[in-house]
Protein chains: 2
Amino acid sequence: MERKRLPNDACPIARSLDVVGDWWTLLVIRDALAGVTRFNTFQRCLGVARNSLSARLTALLERGLLEKRPPSDGSAFMEYVLTAKGQALAPVLIDLEQWGITHARGSAKNAPTFVDRRTNRRPRTLRMQSSDGKLLHASDIVGSQAWRERFRF
Amino acid sequence: MERKRLPNDACPIARSLDVVGDWWTLLVIRDALAGVTRFNTFQRCLGVARNSLSARLTALLERGLLEKRPPSDGSAFMEYVLTAKGQALAPVLIDLEQWGITHARGSAKNAPTFVDRRTNRRPRTLRMQSSDGKLLHASDIVGSQAWRERFRF
DNA sequence: CCGTATCCATTCCGATACTG
DNA sequence: CAGTATCGGAATGGATACGG
């Protein structure tokens, strides 16, 4: 399950992708965030093979993004719920959803999305801000000086 | 290069991951956003095999996230630069960076990050807001009703 | 209903060598 | 410097069968 060691362990993005960068993981988080808690529900939603799902869930438990909890209802089975660490990925998914709507529109209509449970409406698009609060465009972003020097670009 | 067709083509997140969900793509976007434009610079930064890099870049050109442009300096070689579509992924990377710093701290120090080129400081952490502007926590998020009904959870 | 184990096909990636 | 071609090994994912 381990990929090749990333060349740049110091990069937080690379470290994040080392945890959630593989194919299914973010989709599992998506479903968990939407309220899915049970193995078979994940399986129905994702259409993933059961063994792959099992491997993903186990990895996410080990990494501390999910935890197993006794059933909240009367059921006999454990539930998978996001930890705070897992919940913290919500902005990533919101952004991916927004990007998909804007830039990866398929033939099908946009159906399943996240909503605010209070208002039943989608969250606002997240906007980048500089440290002093000014709106930031992608072209205002640049790699840190240390990085640019290290790789000479 | 095509993976299995996702069961839920209507989901914008799944569609996004269909484009940028594989292992190297987001790291290529990261470097492009940081200011990398040349093949060998990408290769140095990523430590990826040259053929893999070639495949990723070609795919990104086809998908319209990158475009090839004549050199801005006197050089003889083309440059890879992000299109607006590619730039629109910046929030995703900012979020992943923030998550990595907070939740995937390794032994190494955090080194390479994005900065605002004007202030030389990191962008603010993006916060989720509901449609009426109120701050939103991950637990306030839920899957849309259509989705919940379709998969019965 | 909830998972794990086995098997097999495919894909992906890295190393290397080669061309312009 | 900027890629492409080929090859072999590793990891992933799907189908299926099996036990809790």
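Convention: sequence-line order gives letters A, B, ...; per-chain numbering from 1.
Across A:Leu66 and A:Leu61, no two heavy atoms sit closer than the pair O-CD2, 3.4 Å. Counting all heavy atoms, side chain and backbone alike, B:Ala34 lies closest to A:Val142 at O-CG2, 3.6 Å. The minimum heavy-atom distance between A:Ser144 and B:Val115, with the atom names listed, is CA-CG2, 4.1 Å.
Regarding B:Glu79, its CD atom lies at a distance of 16 Å from the C1' atom of D:dG3, rounded to whole Å. Atom CH2 in B:Trp23 sits about 10 Å away from atom P in D:dT12, given to the nearest Å. Between A:Met78 atom CE and D:dG20 atom P there is a gap of 18 Å when expressed in whole angstrom units. The distance between atom CD of B:Gln43 and atom P of D:dT4, rounded to the nearest whole Å, is 13 Å. Look at CG on A:Leu53: it is 11 Å from P on D:dG13, rounded to the nearest Å. For A:Leu57 and D:dG13, the CG to P distance is 13 Å, given to the nearest whole Å. Between the P atom of D:dT4 and the CG atom of B:Leu61 lies a distance of 10 Å, rounded to the nearest Å. Rounding to whole angstrom units, CG of residue A:Asp18 and P of D:dA11 are separated by 14 Å.
Side-chain atoms of A:Ser75 do not come within 3.5 Å of backbone N or O of A:Pro71 as any donor-acceptor pair. Side-chain atoms of A:Asp140 come within 3.5 Å of backbone N or O of A:His137 as a donor-acceptor pair. Using modelled atom types, no side-chain atom of A:Arg69 and backbone atom of A:Glu79 make a donor-acceptor pair closer than 3.5 Å. Side-chain N or O atoms of A:Ser52 include none that pairs as donor or acceptor with a backbone N or O of A:Val48 at under 3.5 Å.
Put simply, B:Lys68 has a side-chain N or O that comes within less than 4.0 Å of OP1 or OP2 on D:dG3.
With 3.5 Å as the limit, one finds a donor-acceptor pair spanning the side chains of B:Gln98 and B:Thr125.
For B:Arg56 and B:Asp22, the salt-bridge test passes: some basic side-chain N is under 4.0 Å from an acidic carboxylate O.
With DNA chain C read from its 5' end, the first of the two nearest nucleotides for A:Tyr80 and B:Ala49 is the one closest to A:Tyr80.
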Inset, instruction - Let me have DNA chain C in dot-bracket notation, would you? Count Watson-Crick plus G-U wobble pairs, both distances under 3.5 Å, and use [ ] for pairs crossing earlier ones and | for inter-strand partners. - result: |.||||||||||||||||||
At a cut-off of 3.5 Å, list every protein nitrogen or oxygen paired with a nitrogen or oxygen from nucleotides 16-20 of chain C, distance to 0.1 Å.
none

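Which of D:dG13, D:dG14, C:dC2 sits closest to the side chain of A:Val48 comes down to D:dG14.
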